[in-house]
Q: 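I'd like to ask some things about the structure below.
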Protein chains: 2
Amino acid sequence: MLKIGKLTDYGVVVLNELAQAGALKLSTDDIAGLTGLALPTVRKVMKALVDSGLVMAQRGARGGYRLARAPGQIRMLDVVQAFEGPVALTECAADDHQCDITASCSLSANWGGINQLITQVLARVTLQDIRNPERQEQLVRDALPLTSFIELVNLS
Amino acid sequence: MLKIGKLTDYGVVVLNELAQAGALKLSTDDIAGLTGLALPTVRKVMKALVDSGLVMAQRGARGGYRLARAPGQIRMLDVVQAFEGPVALTECAADDHQCDITASCSLSANWGGINQLITQVLARVTLQDIRNPERQEQLVRDALPLTSFIELVNLS
DNA sequence: ATTAAAGCATACCAATACGGTATTGATTAA
DNA sequence: TTAATCAATACCGTATTGGTATGCTTTAAT
């Protein structure tokens, strides 16, 4: 499946609402209402977003949340990392953890290349892009010219 | 973390051994010995590889496994799909499952673009590439010219 | 035909991760 | 001072995953 967590997905949804709101601060209640997410879930999401510096929080009465930077400056990579930690496809790649399987494991180092490519993909797409389908299609067209035998998978 | 399963990683390790062996058939015992993986684990891995058509099995005495195609024809996308099913970052993208969160969820459709990009990345890299670090570095250099602000992450 | 080598299928268990929820505390504008 | 609002922590049930065990089927070699 190669999936990302639901929280990450929620994070994007929330960021979208904040982008929509612009300078206006949104409370957790506002966000819950706008997105349809449960309140405690929203809290959890907001914590990750604040901790990662993507969103600024103001406490106290009439407080709320707003984006810390412009949507064009918020990369999907940032969002994914905020919720899932560093992008590391394999365990070996994450820490320099010695694995007990033999020399074949030297291959794992090679996932690093794929890691890099995927990281680049996520770094290319910003919140602004994802809010604008046209821009996105353009990205897909431009970034990687298709090789002949590529099979496009599971685009619902 | 955006990780893939360990089994997928093991799968690549096993495929590497099979590529090394060439025309020679390897038994589960051989594979376990070469890779250091436990025998039951090897069985599980082989089942997935056979089911997906990447590897051919010959049963009976003097049987064993061999690659179904040349290493250059085995894409990482195939391997990932063999173990993890279709690449679908979000749940919404997987089936046309109606989610209960509001219109903001239309965003999820936009993950589709990223989905496509990542799928393309995985389709570009073959078993042959991953066995050859030089080739791989070349891929990284060629495929996606870096934009200025890209931060390379966690390459151990 | 028999036998032994080898793959195949299934089921089970433990550990971990994840999503979801609740509760209490800290801050700040009005 | 007070009420609104974010912050932090802790808890729990479930789902997934990795790992293991067991018994069955196929097939080459003798």
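Per chain, numbering begins at 1; letters A, B, ... match sequence-line order.
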Q: Please work out if I31(B) contacts a base, only the sugar-phosphate, or nothing of the nucleic acid, heavy-atom cut-off 4.0 Å.
A: nothing
Q: Would you mind reading off the distance between M56(A) atom CE and dA7(D) atom P, rounded to a whole angstrom?
A: 11 Å
Q: For dA29(C), does either OP1 or OP2 sit under 4.0 Å from a side-chain N or O belonging to Q58(A)?
A: yes
Q: Return the value, rounded to whole Å, for the distance between atom CZ of R59(B) and atom P of dA29(D).
A: 17 Å
Q: Name the closest nucleotide to the K44(A) side chain, picking from dT21(C), dG19(D), dG20(C).
A: dG20(C)
Q: Taking for each residue the nucleotide of DNA chain C with the nearest heavy atom, is it L7(A) or R43(A) whose nucleotide lies nearer the 5' end?
A: L7(A)
Q: Step through the shown structure and confirm whether more than 12 heavy atoms of other residues, nucleotides or ligands are within 6.0 Å of CZ on R69(B).
A: yes
Q: May I have the distance from L24(A) (atom CG) to dT5(D) (atom P), rounded to whole angstrom?
A: 12 Å
Q: Just how far, in rounded Å, is P of dT16(D) from NZ of K6(B)?
A: 19 Å
Q: I need the OH-P distance between Y65(B) and dA5(C), as an integer number of Å.
A: 17 Å
Q: Do D30(A) side-chain atoms and S27(A) backbone N/O form a donor-acceptor pair below 3.5 Å?
A: yes
Q: Please check: side-chain N/O of D9(A) versus main-chain N/O of K6(A), any donor-acceptor pairing under 3.5 Å?
A: no
Q: Specify the separation, in whole Å, of atom NZ of K25(A) and atom P of dT28(C).
A: 12 Å
Q: Atom NZ of K47(B) and atom P of dA9(C): how far apart are they, to the nearest Å?
A: 5 Å
Q: Is the shortest heavy-atom distance from the side chain of M46(A) to the side chain of I31(A) under 4.5 Å?
A: yes
Q: Mapping V50(B) and A61(B) onto DNA chain C by nearest heavy atom, which one lands closer to the 5' end?
A: A61(B)
Q: Let me know the distance between CZ of R62(B) and P of dT3(C), rounded to the nearest Å.
A: 21 Å
Q: When you measure from the side-chain N and O atoms of Y10(B) to the phosphate of dT17(D), is any distance below 4.0 Å, counting only OP1 and OP2?
A: no
Q: For the atom pair CG (L37(A)) and NZ (K44(A)), what is the distance rounded to the nearest 0.5 Å?
A: 13.0 Å
Q: Both T28(A) and T41(B) contact DNA chain D. Which one's nearest nucleotide lies toward the 5' end?
A: T28(A)
